[in-house]
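Structure record follows, encoded as structure tokens.
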Amino acid sequence: METNFSFFSIASCFQFSLEAFGFPSPEESQDWFSSSSTFGIDKLFCWMCAHRNWLMETAISLTVTCLKPAEASRLYDVLDDILENCFLSLYNIWKNLQFWQSRAEGTNAQKAYFMICERGPRAFFNGTVQLMRQICRDGFSLQHVAHDASCYIADRITILSYLRNHLAAFVAQVFMKTDNIGTDSGNDLQNPLPSLLVALNGLFLDLETSICELHTTLNMDFHDRFSFPLFKKLPDVNKEGSQWTSCEIGDAINLLCQNFHKLDSVISIIVLKHRKPKKLTRYWLKYTCGAIGLSACSVCVLQHSKLMGSNDIENWVREAHNSAAKFFKDHVQQPLISIRDELFATFRKRHKGVMDGQDVQLTTDSLRRMLHAFSEHTEGRKFADAASDKEMFAKVMFRYEKELMHPVQNLLSGELARALLIQVQKLKLDIETAMLELDQILKANEINFAVLAALPAFFISLLLLMLLRAWYMQDTRAEGKGRAARLQRRLLVVEVEKAIMQYQSFVDQGHVKDAESSFGLLLYSLGRLYHASEKHAKATGEWLALRQDLLELGKPSLPTRDKLIIASRIERIYDCLLPSSTRL
């Protein structure tokens with residue numbers, strides 16, 4: 001995940017303290033400014049964080065005690081850059097720390113493989129030589145290599161964890177100092193900007209002390225990259241005064257900016273020295289084997305190419321093309337064409353009508369006339385036209401049974417032959433009726449045959465769609481789509497809950513530094529969750545409510561119990577953070 005916090009995700013950190021001042025919306029702010037010609041720089045600064053773009057358009061007409069709006073805007077830019085780069089540094093530290101922790105959980109064989117094969121060619125040859133010497137001296141054993149790997153990995157975990165905790169504490173202190181100074185300005189401070197600048201400079205000096213402890217405790221040699229002291233101090237002139245000149249404020253902001261760039265450089269150097277190996281370094285052995293195999297294939301291809309006077313490649317290509325074309329024609333094209341022709345030929349014949357209703361009606365009328373004539377002849381009286389076929393056919397069957405008592409005599413001189421012919425006509429009518437019904441059934445199922453013919457194409461299309469969807473959903477970042485990305489967002493909520501509980505635990509134990517570190521990690525996790533869920537929450541119409549809950553979680557004054565309730569609600573309610581199986 002490439003963390004690129006937007007303006008809103010950075011400004012949201014300051015908006016936590018903004019709400020304590022009761023600032024109006026940009027639409028209401030025009031009247032608010034016109035009603036007061038002067039007001040505290042703390043309100044201007046916090047209001048800038050949430051309404052920066054609108055404020056820059058109206059800042060020309062503002063009159064602020066002892067400070068120009070441009071200076072406050074520049075200070076906000078510096079603080080914005082500080083927090084953004086600290087969040088980026090925290091993310092880089094987290095990625096590398098996650099890698100080393102996963103390696104620390106591996107077996108001895110995995111650790112040995114990492115030390116020898118995943119740190120580049122030089123480490124491979126040095127590790128191989130060392131392993132061979134050990135085998136010759138003590139026999140084959142991976143314990144020594146695994147021990148070296150454990151120490152190597154543990155050193156990086158220790159350094160990165162130390163740096164992450166102190167950088168997170170620095171972020172929390174910057175946030176809390178801004179919030180506290182903004183709150184105190186409502187009591188007795190007319191211009192809190194000097195106090196804020198002095199406090200921020202003190203935070204840089206405290207962070208320098210932590211880096212010095214890292215340098216001293218772990219015997220890290222950074223003198224070839226940077227030297228101590230790292231950061232510059234504010235001048236002592238009028239340091240504690242409440243009224244600073246514009247020149248003094250500008251110099252202090254410049255010094256703050258220089259310290260920020262120095263901090264960014266120092267953190268980059270430390271992380272670079274202890275980062276995980278690059279992907280090319282970790283898989284260099286596989287890439288080397290692949291390159292060797294590719295080179296061998298290239299030499300073989302070159303030997304059979306026209307450059308060496310051979311036509312083997314063209315012959316191979318021609319034979320492969322002919323074989324593929326023959327396979328496609330024999331096993332795909334011809335069977336499909338045969339099925340299509342047979343189906344459509346059957347449909348065309350059926351449209352002409354194997355049996356239609358007129359033929360059946362003619363046979364029915366003929367049978368009725370035969371029954372009517374037979375009944376009148378045998379009964380010796382005239383039958384009504386309304387007589388039913390069932391009644392007349394019953395008389396035919398009765399006479400037939402009677403005639404069968406003397407079959408030879410009645411076949412020549414009786415009505416037996418005529419009764420047999422009437423039954424043949426009845427059988428013909430039944431067959432024609434059944435064929436008509438069957439024809440109607442086939443016509444009604446014609447669409448089923450068409451679907452059956454299209455099933456192969458349907459399954460192929462479905463397979464392609466599944467592959468396309470899998471490719472589209474393969475993004476496993478928290479900002480992406482799909483089940484993996486949704487799981488990452490839920491894990492961010494878990495990180496937020498853990499940070500809240502750790503913060504309260506350290507506060508109860510009186511561990512101030514650890515509490516500040518936990519609060520900084522809470523802000524970092526909230527920033528990641530803010531950025532990861534913004535697009536998805538806007539798509540579901542939940543963004544305003546989710547954003548407000550995230551801002552509430554970052555308020556230092558909100559009780560831990562309320563924060564845990566909000567975190568639980570975020571995990572249960574919002575659709576963009578629900579598991580895929582429980583989505584509505």
Side-chain angles (χ1 to χ4, degrees), residues 326-465:
K326 187 176 184 301
F327 177 83
F328 179 80
K329 183 177 180 180
D330 294 343
H331 298 280
V332 180
Q333 185 178 10
Q334 289 297 337
L336 290 178
I337 292 176
S338 177
I339 294 173
R340 183 200 64 184
D341 293 342
E342 290 180 4
L343 287 174
F344 281 99
T346 304
F347 292 156
R348 283 192 293 268
K349 293 177 181 178
R350 209 181 315 126
H351 286 315
K352 295 179 181 179
V354 176
M355 182 62 61
D356 55 18
Q358 295 180 357
D359 296 337
V360 177
Q361 187 62 39
L362 291 175
T363 304
T364 303
D365 295 340
S366 176
L367 178 62
R368 182 175 179 79
R369 289 191 298 268
M370 292 172 66
L371 291 173
H372 195 273
F374 184 86
S375 299
E376 288 182 347
H377 182 268
T378 55
E379 294 293 331
R381 61 183 179 86
K382 187 173 181 63
F383 266 71
D385 295 337
S388 64
D389 293 345
K390 186 176 182 180
E391 181 183 355
M392 293 187 291
F393 192 72
K395 293 182 178 297
V396 172
M397 294 305 297
F398 177 77
R399 186 57 180 260
Y400 173 73
E401 293 174 359
K402 185 178 179 180
E403 294 285 334
L404 280 178
M405 298 177 66
H406 305 283
V408 178
Q409 178 184 352
N410 293 329
L411 183 62
L412 299 175
S413 60
E415 301 294 335
L416 182 59
R418 190 176 181 184
L420 288 172
L421 292 176
I422 291 175
Q423 292 186 60
V424 171
Q425 184 71 10
K426 179 65 170 61
L427 181 61
K428 176 184 177 184
L429 177 62
D430 293 340
I431 294 174
E432 290 181 351
T433 303
M435 292 181 64
L436 179 62
E437 292 178 356
L438 180 61
D439 190 63
Q440 291 174 350
I441 292 173
L442 292 175
K443 288 182 178 179
N445 287 273
E446 183 176 347
I447 185 64
N448 295 336
F449 286 103
V451 171
L452 182 62
L455 278 181
F458 171 76
F459 284 124
I460 293 175
S461 301
L462 182 61
L463 179 61
L464 293 177
L465 288 176

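Start at 1 with the first residue, then count along the sequence. The figures here come from the full heavy-atom set of this structure, side chains too, leaving out hydrogens, waters and symmetry mates.
To the nearest 0.5 Å, atoms OG1 (Thr364) and CD (Glu432) are separated by 8.0 Å. Distance CE/Met370 to CZ/Arg418: 8.0 Å, rounded to 0.5 Å. If you take NZ on Lys428 and CD on Gln425, they are separated by 5.5 Å, rounding to the nearest 0.5 Å.
Without hydrogens or angle criteria, Thr433 side chain to Leu429 main chain gives a donor-acceptor distance under 3.5 Å.
Between Ile422 and Lys426, the closest side-chain pair of non-hydrogen atoms is not below 4.5 Å.
With salt bridges taken as basic N to acidic carboxylate O contacts below 4.0 Å, none links Arg369 and Asp365.
Applying the side-chain contact (heavy atoms from CB on, under 4.5 Å) criterion to Leu421, with sequence neighbours excluded, gives no partner residue. Remark: Ile431 pairs with Leu427, Met435 by the side-chain contact (heavy atoms from CB on, under 4.5 Å) rule, at least two apart or across chains.
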Could you list the donor-acceptor pairs under 3.5 angstrom formed between side-chain atoms of residues 396-403 and any protein atom two or more places apart in sequence or on another chain?
{"from": "Arg399", "atom 1": "NE", "to": "Glu403", "atom 2": "OE2", "distance (Å)": "2.9"}
{"from": "Arg399", "atom 1": "NH2", "to": "Glu403", "atom 2": "OE2", "distance (Å)": "3.3"}
{"from": "Glu403", "atom 1": "OE1", "to": "Asn410", "atom 2": "ND2", "distance (Å)": "3.0"}

